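No hydrogens, no waters, no symmetry mates; every other heavy atom, side chains included, goes into these values. Indexing begins at 1, ligand by ligand and atom by atom, following the structure's order. If you're wondering where the values come from, they're calculated on a predicted model, not measured in any experiment.
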Amino acid sequence: MKTIRSNKYRRRRRRSDRGRLFLALAIIGGAVILAAAAVIICLILFLPKNSAEETTKPTPSVIEEAVTSETDTSSQSATDAMAKINPNAATAETTGKLSYQSLYPEMYVPIVKKIPAKDGAKVVYLTFDDGPSSLTEELLDVLDKNNVKATFFVTCQGNVTNDTYRLLKEIADRGHVIGIHTFSHNYTEIYASVEAFLTDFSKMNDVIYEATGEKPTIFRFAGGSYNSYNKKTYEAIIAEMDRRGYTYFDWNVDSGDSNDNATEKSIYDTTVNSILGNNKSVVLMHNSGSKEKTLNQVASIIKKLKKEGYHFDVLDPSVKPFSLAYPE
Ligand code: ZN
């Protein structure tokens with residue numbers, strides 16, 4: 001009797017042990033499934049989007065965030081930070097088809113939607129190439145006196161001096177916009193290849209950043225986006241700069257001040273007469289040390305155009321550019 005009873009008792013105990021084991025396994029299994037679901041939901045909600053969304057304007061704080069990321073020891077986290085402002089920064093690492101895409105991983109800016117000028121805008125963008133120079137401060141005074149802000153596409157002609165830094169800072173401090181022109185201004189050198197162009201661009205980018213604490217998002221090709229030096233390379237260079245988010249501006253009004261036979265009268269007449277026919281003008285002028293004639297005419301040009309109902313503005317990446325390489 002005793003043995004039968006104790007056998008029954010053991011069987012019952014074994015059965016209840018198995019029940020407990022199944023219950024424990026079910027609880028653990030359920031918990032694992034719930035945790036996995038939570039992780040998946042978090043990933044969906046918080047992972048950065050990879051689509052190349054266009055922002056309307058680059059905010060300095062976003063660019064600043066990416067700039068500070070350069071100090072990160074891990075190049076992957078620097079790339080990740082850049083990818084937040086321009087998703088193409090990440091694809092360069094993974095596709096790797098064009099080796100120059102992985103050069104200068106810090107050189108990305110937001111891709112900005114271009115907005116055409118409204119009808120009747122009567123807007124003029126004065127742009128000055130080839131400065132800073134011995135004539136820059138005087139030009140800044142003229143612009144201040146006439147309450148006009150302009151855009152400076154700067155170069156240091158391959159030679160950085162203390163004046164370069166001082167004048168670049170002065171231009172920025174007085175509220176004007178700085179875009180990159182070129183470091184060397186040597187057409188043969190910069191248009192030899194995409195790599196050569198990026199190297200030159202990066203040098204000027206660094207000089208401007210050191211002088212002003214800001215990195216430009218716009219630029220002007222030396223000689224314009226299509227010229228006799230870049231026929232073999234302009235398409236690839238433009239595609240690469242587009243990919244990195246940089247906006248280039250050619251012009252639709254040429255003051256003619258780079259012609260050897262330009263006079264003060266020809267600069268004034270050419271500029272004013274061309275602008276008077278336009279709703280929007282991006283005006284090419286120069287601010288190298290030899291362009292005194294231009295400097296002497298800026299005030300008269302501004303006064304005349306103001307009288308005709310035009311207003312002046314600075315370029316930014318949202319302004320729809322004129323392009324010599326791809327005219328509309
Ligand atoms: Zn130039």
Side-chain angles (χ1 to χ4, degrees), residues 125-140 143 150-161 163-165 167-168 170-172 176-194 196-208 211-212 216-231 233-234 237-238 241 246-262 266-267 270-271 274 281-298 301 314-315 321-325:
Y125 301 94
L126 293 182
T127 70
F128 295 95
D129 288 11
D130 296 357
S133 71
S134 54
L135 298 181
T136 297
E137 281 173 306
E138 226 177 304
L139 174 60
L140 292 174
L143 292 170
T151 306
F152 288 76
F153 291 108
V154 297
T155 176
C156 57
Q157 309 278 357
N159 184 29
V160 194
T161 64
D163 270 351
T164 314
Y165 293 112
L167 292 169
L168 286 174
E170 187 76 20
I171 294 170
H176 304 283
V177 165
I178 293 181
I180 293 176
H181 191 36
T182 153
F183 181 86
S184 69
H185 213 259
N186 181 329
Y187 291 24
T188 315
E189 193 184 300
I190 62 182
Y191 295 128
S193 64
V194 182
F197 183 86
L198 290 173
T199 300
D200 176 89
F201 191 91
S202 144
K203 279 191 205 168
M204 200 60 217
N205 194 40
D206 290 348
V207 171
I208 295 166
T212 67
T217 58
I218 62 171
F219 70 105
R220 171 167 288 153
F221 285 106
S225 60
Y226 184 74
N227 57 64
S228 51
Y229 294 83
N230 71 1
K231 284 180 179 157
T233 52
Y234 79 95
I237 294 174
I238 289 174
M241 297 311 282
Y246 291 97
T247 304
Y248 68 90
F249 286 92
D250 288 322
W251 53 88
N252 66 333
V253 171
D254 182 351
S255 67
D257 67 350
S258 59
N259 300 334
D260 290 339
N261 54 0
S266 78
I267 292 168
T270 309
T271 307
S274 309
S281 296
V282 177
V283 185
L284 172 66
M285 292 177 154
H286 292 84
N287 181 232
S288 56
S290 62
K291 300 299 176 198
E292 269 165 335
K293 290 171 194 162
T294 309
L295 173 64
N296 293 341
Q297 288 304 308
V298 170
I301 290 169
V314 290
L315 291 173
F322 296 102
S323 166
L324 297 172

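Here 3 is the count of protein N, O or S atoms positioned under 2.8 Å from the Zn ion (ligand 1), waters not counted.
Applying the side-chain hydrogen bond (donor to acceptor under 3.5 Å, both in side chains) rule to Ser225 yields the partners Asp250; only residues at least two apart in sequence or on another chain are considered.
Judged by distance alone, the side chains of Asp130 and Ser288 never bring a donor and an acceptor atom under 3.5 Å apart. Using a 3.5 Å distance cut-off with no hydrogens or angles, the side chains of Thr199 and Ser202 do not pair a donor with an acceptor. A donor-acceptor contact under 3.5 angstrom links the side chains of Asp257 and Ser255, judged on distance only.
At least one donor-acceptor pair under 3.5 Å links the side chain of Thr151 to the backbone N or O of Leu315. A distance-only check finds no donor-acceptor pair linking the side chain of Lys293 to the backbone of Ile267 [under 3.5 Å].
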